[in-house]
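Single-structure report; data block below.
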Amino acid sequence: NRAFYFNGLPEMPVSNINIHDTQVTADYGGDWKKAFDEYAVQMRRQGFNFFRFHGLLDAGYKAFEHIDVPPPDYMDKVDYLAYTLGKHGVRLYVDLVAYGMRYPNRARKNIDLKAGVMFGVPRYLEQWEKCVRAVLGHYNPYTGRMWKDDENIVAVCQFNEQSTGAKIGLEGAWKGLDPETKAFFLSNWKAWMVKNGRATVEEMSAFTVDTPLPGFYAEKGFGRDLHLYLSELSVERTKWYDRICRDAGYKGLRSSFNSNVDWGACAARWSAGDAVPYNIHQGHPQGGGNGYKGAKVDCNDSFQRSVEGSCFCYGNRIKAADRPFIVTEFSHAFWNPNRYQVGLITAYHALNGYKGLLWHAGGTQLKATGKWPRGGVGVFEVGTSPCMRAAAFLASCLYLRGDVRTSEKRVSVAVTKDYWRKHTADAPSSSQARIGLVCNYGIEFPDLPRTPGLGAYPKADLTIAPGTGDEVENGLWVSSVKGKGMEDFDMDAFVAKLKAKGLVKPDNRTDAKKGIYESETGELLMKGYEHYLQAVTPRTESVCLEAGTSAKLGRMEVRSTSANGCVAVTSVDGEPIGESKRMVLLYITREANEGMVTSADGKTMVNMGGYPALLQTGTVDVRLDLPACDWQLYLLGYDGERLERLPVQTEDGKLALKLDTAKFRHGPTPFFELVKADCP
């Protein structure tokens, strides 16, 4: 669905909808259906057409021991929300199990549930199956269909963040894991080790429920064997998930393991499931207490990290070559100072042909606490963030509307059975993952059977062997990668090979040693060490650059900016920029909360602060090569409403827009509207 919405209607004063507590304020006199309807309308107005039910179903059953009987008042709201989202053209992605699994023992920890199901403990498997059948077999009176038959549900995740949870259970959380689960796992692992000739009965007797297991990267011991066994369990579990979902009557896309990058998890995703899901966070906070006090974020630049094989490349490394790739959590977390870059990063999702991009989280935050900015900036929330709202708008043009073309040149990393079994705990090579900055990248497992029923996939233009894998660290429900350097893969030599084969034009400017990557389509140019990225397409021109620098694109030139930021112009009437009568100009900088305090280096949070959200002001000088006409420029509110008309000048035959966002009567916003008035 390439539909795109941006209009000048004022934002409706919808209260914050807390479906868990069924809390609806006096804004609608308790009419929660009307509130939900207007919530769905706002989602579409802000450019979203995909919604993830994440933990809602778990939470609804959490306090109830009768897991096969959903609480009627709660499910009434869940059903209506699903119905009204579909009515307004919003498709659904559903986590069948996210955390609690509605286990009767309310004190049961998430880690026990995730690990217990992965390891195959019978009572946990039974619980998972009951939970999933209860969801899929639930009848929605508003749609007139059971959830399993609702065609608006594009895909399901069978257990959110399970693979990382299971690995944590075998590492740092082993001591506190459910004793029954530990005993069950040890019994099966020991039998597997002996059967496969990897250890004797005597050697395995050293491992008990009271002793720690070997680390996956231990130089000695059985760490790699432990991970290989876990990987084989992962393949077995995903096939079991698929069978249960199909047996329950669900016909849509199935996906699992959205939180781990190792080759074992990649092999499991290849062997089962119809889509590959993944959670990709840049600058995810680590540690800290209530209100994130003491937590740290990575403050590095996204573009530099990408040319070093991280950030965008971190998630892209697991993209299967043969099925849809859906980013189930996409965020550039606050308080990283480079959030202005995230909207333009989505150009690479388009280049690599992603099929879904779910912003994490709260894209439509409509809490009525006064005029915008409403509430403080949260770590993940899009709706209360000036920068993220603008970034999501830009992404709606570049990615959702399809302004950035998907590369038709495909490069695939072919992983043999011997290789992935030997390197099961490693992540795909960071250096090879950079291929996705140039053309369409994917991985495949030619020695493994694919999910039954998948159709043929486009043959790769070039197939290569995997490079040296990277070490994986697990924690806080996300996995990170320790890169081993770029020595295993010469990117410049590889691009030369692409040129020789005619897959990349001879004048392609990619120079990996200098951190420069140009897409084979010619639309994207990244200069990672200069913290620069541009996208030039017929309908959108956009650039991220540092203060004191300039950029000459196609019809847009940024002569100067006083702040690090993203500058973009995009047509909103669907016409090319040179023919458009209505465009939006964006100037995205940095944000903070009133009263916010961090450490001197900006990494550690001391006090998050709160309302109001603050947007960094700046001056920007933009030239646009447009037909001579009576152009009108407006400052826009966060709801698209015109707040103030701004002066427009013409210099050397070009439109000159000189903005100082500190001087607007209504305060700074990233949004400006450029309109062609009464012209031939």
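Index from 1, following the sequence.
Two residues are said to be in side-chain contact when any heavy atoms from C-beta on lie closer than 4.5 Å; Met608 and Val379 meet this criterion. Contact annotation: the side chain of Arg317 approaches that of Ser430 to within less than 4.5 Å [non-hydrogen atoms, C-beta and beyond]. Proximity of Tyr93 to Pro277: side-chain heavy atoms (C-beta onward) are separated by under 4.5 Å at one or more points. Between Leu643 and Leu636, the closest side-chain pair of non-hydrogen atoms is not below 4.5 Å.
A salt bridge links Glu673 with Arg642; the closest basic N to acidic carboxylate O contact falls under 4.0 Å. Checked for salt-bridge contact, Asp660 and Lys663 meet the test: a charged N lies under 4.0 Å from a carboxylate O.
Judged as a ring-ring contact (aromatic ring centres under 6.0 Å, His included), and not counting sequence neighbours, Phe334 has no contacts. In this structure Phe672 satisfies the ring-ring contact (aromatic ring centres under 6.0 Å, His included) test together with Phe664, sequence neighbours excluded. Shown here are the ring-ring contact (aromatic ring centres under 6.0 Å, His included) partners of Phe50, two or more places apart in sequence or in another chain: there are none. Take Arg590 and apply the salt bridge (charged side-chain N to carboxylate O under 4.0 Å, His left out) test, not counting sequence neighbours, and it matches no residue. Listed by chain and residue number, nothing satisfies the salt bridge (charged side-chain N to carboxylate O under 4.0 Å, His left out) test with Glu546 (two or more places apart in sequence, or in another chain).
For the residue pair Ser385 / Glu591, a side-chain donor-acceptor distance below 3.5 Å is found, with atom types taken as modelled. Residues Asn338 and Arg305 have side chains that never bring a donor and an acceptor to within less than 3.5 angstrom of each other. Side chains of Thr570 and Arg401: a donor-acceptor N/O pair is present below 3.5 angstrom, by distance only. Looking only at atom types and distance, the side chain of Glu161 has no donor-acceptor partner in the side chain of Asn258 under 3.5 Å away. No hydrogens or angles considered: nothing links the side chains of Thr617 and Thr661 as a donor-acceptor pair under 3.5 Å. Residues Asn279 and Ser259 bring no donor and acceptor atom of their side chains to less than 3.5 Å of each other.
Ring geometry for Tyr399 against His349 counts as perpendicular: the plane angle is over 60°, on a 0 to 90° scale with 30° as the lower cut. Ring geometry for Tyr142 against Tyr80 counts as perpendicular: the plane angle is over 60°, on a 0 to 90° scale with 30° as the lower cut. Using cut-offs of 30° and 60° on the angle between ring planes, the pair His281 and Phe380 is perpendicular.
Nearest heavy atom pair, residue Leu533 against residue Leu344, reads O-CD2, 3.2 Å. Residues Asn316 and Tyr354 come closest through the heavy atom pair OD1-OH, 2.6 Å. Thr540 and Cys397 get closest at one heavy-atom pair: OG1-CB, 3.9 Å. Heavy atoms only, all atoms of each residue included: Gly47 and Ser396 are closest at O-OG, 3.4 Å. Of all non-hydrogen atoms in Ala551 and Val543, the two that sit nearest each other are CB-CG2, 4.0 Å. Looking at every heavy atom in both residues, Leu394 comes nearest to Ser542 through CD2-OG, 3.6 Å.
Under the 6.0 Å cut-off for aromatic ring centres, Phe51 and Phe53 qualify, their centroids lying closer than that. In this structure, Phe393 has its ring center under 6.0 Å from that of Phe671.
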(request) Please assess His332 against Gln341 for the test side-chain hydrogen bond (donor to acceptor under 3.5 Å, both in side chains), listing each intermediate value before the final yes or no. (result) CA-CA 9 Å; His332 191 133; Gln341 300 173 340; 5.3 Å; no
(message) Between Ser302 and Arg339, is the side-chain hydrogen bond (donor to acceptor under 3.5 Å, both in side chains) condition met? List the steps.
(response) CA-CA 9 Å; Ser302 300; Arg339 296 182 97 198; over 6 Å; no
(message) Under the criterion side-chain hydrogen bond (donor to acceptor under 3.5 Å, both in side chains), I'd like the reasoning laid out for Asn593 against Trp335: C-alpha separation, chi angles, the key distance, then a yes or no.
(response) CA-CA 10 Å; Asn593 284 322; Trp335 49 101; over 6 Å; no
(request) Would you please test Phe36 and Leu85 for side chain to side chain contact (heavy atoms under 4.5 Å, CB included) and show each step? (result) CA-CA 8 Å; Phe36 281 23; Leu85 288 169; over 6 Å; no
(request) Start with the C-alpha distance between Leu358 and Glu329, add both sets of side-chain angles, then the distance that settles side chain to side chain contact (heavy atoms under 4.5 Å, CB included), and finish with yes or no. (result) CA-CA 6 Å; Leu358 289 149; Glu329 290 182 14; over 6 Å; no
What side-chain donor-acceptor pairs closer than 3.5 Å can you find for residues 560-569, not counting sequence neighbours?
| residue | atom | partner | partner atom | Å |
| --- | --- | --- | --- | --- |
| Thr561 | OG1 | Ala563 | N | 3.3 |
| Thr561 | OG1 | Ala563 | O | 2.8 |
| Thr561 | OG1 | Tyr587 | OH | 2.8 |
| Ser562 | OG | Thr619 | N | 2.8 |
| Ser562 | OG | Thr619 | OG1 | 3.4 |
| Asn564 | OD1 | Ala547 | N | 2.8 |

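The 12-atom threshold is not exceeded at OH of Tyr83, counting heavy atoms of other residues, nucleotides or ligands nearer than 6.0 Å. Other residues, nucleotides and ligands place no more than 12 heavy atoms under 6.0 Å from the NZ atom of Lys293.
For the pair Asn140 (side chain) and Asp79 (backbone), a donor-acceptor distance under 3.5 Å is present.
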